[in-house]
Asks: 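What follows is a structure written as structure tokens; I'll ask about it next.
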Protein chains: 2
Amino acid sequence: MTVNSERISSGERREQILVAATEVFGQYGYVGATTDRVARAAGISQPYVVRLFGTKEQLFIEALRYTLAKLLAAFRAAIAEQPADGRAVERAMESRLGEAYVELVADRGLLLTLLHGFMMGSEPVIGPVARDGFMQVYRMLRDEAGFTPDQAHRFLADGMLINTLLASGLALQLSADAGAAELFSCTFGDKLRTVLDHAAA
Amino acid sequence: MTVNSERISSGERREQILVAATEVFGQYGYVGATTDRVARAAGISQPYVVRLFGTKEQLFIEALRYTLAKLLAAFRAAIAEQPADGRAVERAMESRLGEAYVELVADRGLLLTLLHGFMMGSEPVIGPVARDGFMQVYRMLRDEAGFTPDQAHRFLADGMLINTLLASGLALQLSADAGAAELFSCTFGDKLRTVLDHAAA
DNA sequence: GTCTATATGACGATAGAC
DNA sequence: GTCTATCGTCATATAGAC
């Protein structure tokens with residue numbers, strides 16, 4: 001088989017497009033993102049994006065499902081994580097999950113696609129997908145990570161504050177704003193290094 | 001002077017338009033909202049909205065500033081609140097501020113305009129306004145309400161979770177989802193009644 | 001202070017070829 | 001599996017009258 005000019009399967013194309021869509025939806029929001037920009041980011045033509053996903057709304061829903069699946073997979077991995085070295089102190093569950101989350105939402109496209117989804121609760125077809133994903137996360141924390149309801153609540157609350165701090169770009173003015181530095185320190189704790197590393201990039 | 005057909009001052013018009021804009025931006029997002037819809041909600045023509053605010057971006061910025069001012073005013077009032085009746089037990093500061101917040105963001109237009117602002121951190125002119133507003137809130141909690149940095153952090157984190165729960169519409173499926181009910185109970189505590197009352201409306 | 005008319009430029013989706 | 005061409009719609013902003 002030829003290597004580059006080969007026609008690839010629609011399954012692979014769909015995945016390529018979803019990656020591009022997550023980035024574009026994250027950057028421009030649901031309405032501001034255009035199927036044309038998604039197409040160019042994926043290296044194909046605009047009508048083909050529409051052909052494969054039907055409508056822009058369907059494309060967004062698939063992209064949202066895709067990011068939610070990534071989030072759940074990251075949490076599942078963190079829950080199952082065991083130190084390879086027996087001597088290593090096993091970090092607490094909450095610490096592992098928190099670190100996994102901060103790593104994940106360092107991808108701005110993923111973070112903002114997620115947030116746009118949560119904010120579209122009144123959309124008849126997108127809303128249910130977002131709510132369902134959110135509650136799946138809650139149940140995973142409670143039933144698989146073993147959190148109490150209040151532990152899960154506090155973990156999620158911190159997560160939503162992390163979202164806001166990162167989305168608003170406050171990380172970029174930490175050196176100029178002592179209050180922001182104080183708030184970041186409280187919010188991220190030992191995850192602060194991770195955030196600063198990603199913010200620099 | 002005539003009463004209804006009187007030409008009103010541009011200052012009054014601006015305020016009318018800002019109220020309409022907050023509602024429309026909240027419902028459709030920054031890009032999805034049109035100056036025409038804002039105009040119709042305010043009962044005037046589309047070009048006149050542009051005339052008074054210059055551009056749609058400027059209109060959004062003014063609407064965002066307007067909602068941030070409302071938020072700060074509500075917190076300032078809650079901080080200053082004293083029981084009129086001496087016998088009444090003064091509620092804790094945190095409880096008063098929490099209640100004020102839930103009352104405020106029961107207005108979906110206000111809530112979503114705020115959230116859209118926070119999510120637009122990478123926009124060169126909107127981003128700074130949003131970040132500035134957020135940090136003003138933080139400083140008010142710390143310096144005027146007397147919160148420690150960690151108290152302020154936890155209050156804000158809860159606030160951001162409240163935003164997500166309300167924006168995503170989870171309040172509407174509380175009766176059908178035991179997990180959601182559990183999470184709402186942890187998150188809102190004694191503010192739960194307030195939320196349910198507003199959700200019903 | 002406020003309107004109508006309109007220039008100008010997208011965007012989503014369809015038709016149909018290869 | 002993928003493209004080019006294009007239709008219909010709608011949005012921001014300007015011009016200029018009243």
Asks: Check each residue of residues 47-65 of chain A for a non-hydrogen atom within less than 4.0 Å of any atom in DNA chain C, then write out the ones that pass by number, or none.
Replies: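 Residues of residues 47-65 of chain A under 4.0 Å from DNA chain C: A/Pro47, A/Thr55, A/Lys56.
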
Asks: Quick one: side chains of residues 105-118 of chain A, donor-acceptor pairs under 3.5 Å with protein atoms, not counting sequence neighbours, listed by atom name and distance.
Replies:
residue	atom	partner	partner atom	Å
A/Asp107	OD1	A/Gly109	N	2.9
A/Asp107	OD1	A/Leu110	N	3.2
A/Arg108	NH1	A/Leu166	O	3.4
A/Arg108	NH2	A/Ala167	O	3.1
A/Thr113	OG1	A/Thr22	O	2.8
A/Thr113	OG1	A/Gly26	N	3.4
A/Thr113	OG1	A/Gly109	O	2.8

Asks: Checking A/Tyr101 now: which residues fulfil ring-ring contact (aromatic ring centres under 6.0 Å, His included) with it, not counting sequence neighbours?
Replies: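 Result, ring-ring contact (aromatic ring centres under 6.0 Å, His included) vs A/Tyr101: none returned.
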
Asks: Mind checking what makes ring-ring contact (aromatic ring centres under 6.0 Å, His included) contact with A/Tyr138, not counting sequence neighbours?
Replies: none

Asks: Which pairs of donor and acceptor atoms, one on a side chain in residues 193-201 of chain B, lie under 3.5 Å apart (sequence neighbours left out)?
Replies:
residue	atom	partner	partner atom	Å
B/Thr194	OG1	B/Glu99	OE2	2.6
B/His198	NE2	B/Glu103	OE1	3.1

Asks: Could you check how far CZ of B/Arg13 sits from C1' of C/dT2, rounded to whole Å?
Replies: 8 Å

Asks: Donor-acceptor pairs are to be reported for all side-chain atoms of residues 120-132 of chain B against protein atoms at under 3.5 Å, with residues two or more places apart or in another chain.
Replies:
residue	atom	partner	partner atom	Å
B/Arg131	NE	A/Gln173	OE1	3.1
B/Arg131	NH1	A/Ser168	O	2.7
B/Arg131	NH1	B/Gly121	O	2.9

Asks: Among residues at least two apart in sequence or on other chains, which ones pass ring-ring contact (aromatic ring centres under 6.0 Å, His included) with B/Tyr66?
Replies: none

Asks: So if I take residues 29-46 of chain A and measure heavy-atom distances to DNA chain D, which residues fall below 4.0 Å?
Replies: A/Ile44, A/Ser45

Asks: Taking only residues at least two apart or on different chains, which pairs with a member in residues 45-74 of chain B satisfy salt bridge (Lys or Arg N to Asp or Glu O under 4.0 Å)?
Replies: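 For residues 45-74 of chain B, and leaving out neighbouring residues, the salt bridge (Lys or Arg N to Asp or Glu O under 4.0 Å) pairs sorted by first residue read B/Arg14-B/Glu62.
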
Asks: When rounded to the nearest 0.5 angstrom, what distance separates CD1 in A/Ile17 from CG in A/Leu52?
Replies: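 The CD1 atom of A/Ile17 sits 4.5 Å away from the CG atom of A/Leu52.
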
Asks: Which residues within residues 15-27 of chain A lie with some heavy atom under 4.0 Å of an atom in DNA chain D?
Replies: none

Asks: Just jot down the ring-ring contact (aromatic ring centres under 6.0 Å, His included) partners of A/Phe60, sequence neighbours excluded, or say none.
Replies: A/Phe25, A/Tyr30

Asks: When the distance from CZ of B/Arg14 to P of C/dG1 is rounded to whole Å, what number comes out?
Replies: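 In whole Å, C/dG1 P lies 11 Å from B/Arg14 CZ.
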
Asks: I need the full list of salt bridge (Lys or Arg N to Asp or Glu O under 4.0 Å) pairs touching residues 134-152 of chain B, with sequence neighbours left out, sorted by first then second residue.
Replies: A/Asp177-B/Arg139, A/Glu182-B/Arg142, B/Arg76-B/Glu144, B/Asp150-B/Arg154

